[in-house]
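To keep things clear, I will list the structure first and then write my remarks on it.
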Amino acid sequence: MSVLVMKFGGTSVANPDRIRRAAKRVAREVANGHDVIVVVSAMSGKTNELVGLVNEISPLFDAREYDAVVSSGENVTAGLMALTLQEMDIPARSWQGWQVPVQTTSRHGAARILDIPTENINAKFAEGMKVAVVAGFQGVSPEGRITTLGRGGSDTTAVAFAAAFGAVRCDIYTDVDGVYTTDPRIESKARKLDRIAFEEMLELASLGAKVLQTRSVELAMRYKVKLRVLSSFEEYDENAGTLVCDEEEIVEQNVVAGVAYQRDEAKMTLISVADRPGIAAAIFGPLAEAGVNVDMIVQNISEEGRTDMTFSCPVDQVARAEKAMLEARESGEINFHDIVADKDVAKVSVVGIGMRSHAGVAAKMFEVLASEGINIKVITTSEIKISVLIDRKYMELAVQALHDAFELDKAA
Ligand code: ASP
Ligand code: MG
C-alpha cells in the first residue's frame, strides 16, 4: 500500500465547514488507493490563545507545562477530523503524539523528533483503517512528558511522518497556493513557482518566507521527501501548488529564484573591543547563552589593537543582547566603550542555486539598490544567497526593485 501524508494548517481546519472540506480531499486520496496519514494543526488562532493564557498565568513558565497546554489545540482538530471522516464512512482514528509515539528530545518548546516507530499505525492500516489523523506539533520526551516542536512545527511532523513511512509525497495544505518569488503583498507581480529546490526553500524559509517551518525543509532535504505546498481553498488539480524537490528535478531555472525579507531586524555595534584571539568567542558565547539569535556578523578594521564588532539580531532581542554584553563587560570577559543599537533595519536577500554558476548577481543587486538611493549597512553572502541590511523604511522598495531587476515575474 502506498502511504500519502496530507497536512492541513490552521486556516484549513478553522471551523467545521473547513474541516469537512479538508476531509473531502482526504476522501479523494483514499479513493485513489492511498493509505493516508493526515497531520493537523490547531484551528487558526488557537495556539496563540493558549500561549497567551500560559503567559497570563505564569510569565516565567515551566516549559513542560507550556507544552502540556499549547499542544492541546492539535488534539481537538485531530479528533474532529477523525469524526468528520467517520461521518463520511471512512475508517479513521486520531493519534496524539504520545500514542504513536513521536519520540522527541526533552527540549520543551523546541523539541526535535528522534524517532517515529511505524508499528502501531501500520498495524491499524493492516486491520483496515484508511486514515490515521495525527496531531501535529507534539511528541513525547524520554521522560514521558509532552513536548512541542516550536511554532509552525506541524509541518515538521508531516515531513517526519512522510520520511518514517516512506510516503509517496507529503502535501502541505495551507491558505496560499504555493511558494512565490516574493511576498505578493509587497510585490503584486510575484509569481508562483511550480518547483523550487530544497536548498532554495531552506534559505527562503529561514529568511522569513513563512510558508514552511525551516526544520521541515531540512528534514525533507535529508530524507528526500517530495514536498508539495498547495491551497486547501482552490480547486484541486494534479499540478497544483509548488513542488519542493531535488535541484536535478528542475529543468528550467532562473539564476535568482526569489527575494526574501525580514522586517524586524536590529543592527548592534560594540564600539572599540580589543582585537585579540578569542574576542569573537567571548562576545558571541554569552549572546548565544542569552538566547540571542545572531545572524550577520562583521568585524570592522582594527586600529591600534581595537576594533568595532557589528552583528544583527531580531529587534525584540535587543534588550537581551544589551544585558548579556553589559554583564560580560562587568565580569571582565570583554571590554568595549559603548554598545549602539539601530532598531530600524530590515534584511533583504536574493536566493537562487543558479548563483553557484553565475557571477555578477551581487554586483547587480548592489547596483539596483544604489539606483534607488538605498544605503547598504551590512552584507553577507553564501553560495546561493546574498543578504543586505538596509533601513526598514526602504524594505518594500528594495524587494520590488530587485524583483523587477531580476525579472522574477517571468519564468525561465
Ligand atoms: N499550532 C502550532 C502553531 O501555531 C503548530 C502549527 O500550526 O504548525 O505554531
Ligand atoms: Mg504553519
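Numbering of ligands and ligand atoms starts at 1, following listing order.
Side-chain atoms of Ser232 and Ser12 form a donor-acceptor pair, as typed in the model, at a separation below 3.5 Å. Judged purely by distance below 3.5 Å, without hydrogens or angles, the side chains of Asp67 and Thr148 pair a donor atom with an acceptor atom. Side chains of Glu29 and Asn32: a donor-acceptor N/O pair is present below 3.5 angstrom, by distance only. Using modelled atom types and a 3.5 Å distance limit, the side chains of Glu187 and Thr182 yield no donor-acceptor pair.
Ligand 1 lies nowhere less than 4.0 angstrom from a heavy atom belonging to Gly73. At least one heavy atom of Gly152 sits closer than 4.0 Å to an atom of ligand 1.
Annotation for ligand 1: atoms under 4.0 Å from non-hydrogen atoms of Ser154 are 5 (C), 6 (C), 7 (O), 8 (O). Numbered from 1 in the order shown, with element, the atoms of ligand 1 that lie under 4.0 Å from a heavy atom of Ser41 read 6 (C), 7 (O), 8 (O).
In terms of polar-atom proximity, defined here as any N/O pair under 3.5 Å, Asp155 makes no such contact with ligand 1.
Scanning Gln138, Glu74, Arg151 for the heavy atom closest to atom 5 (C) of ligand 1 points to Glu74.
Looking at Glu265 and Lys347, no side-chain N of the basic residue comes within less than 4.0 Å of a carboxylate O on the acidic one, giving no salt bridge.
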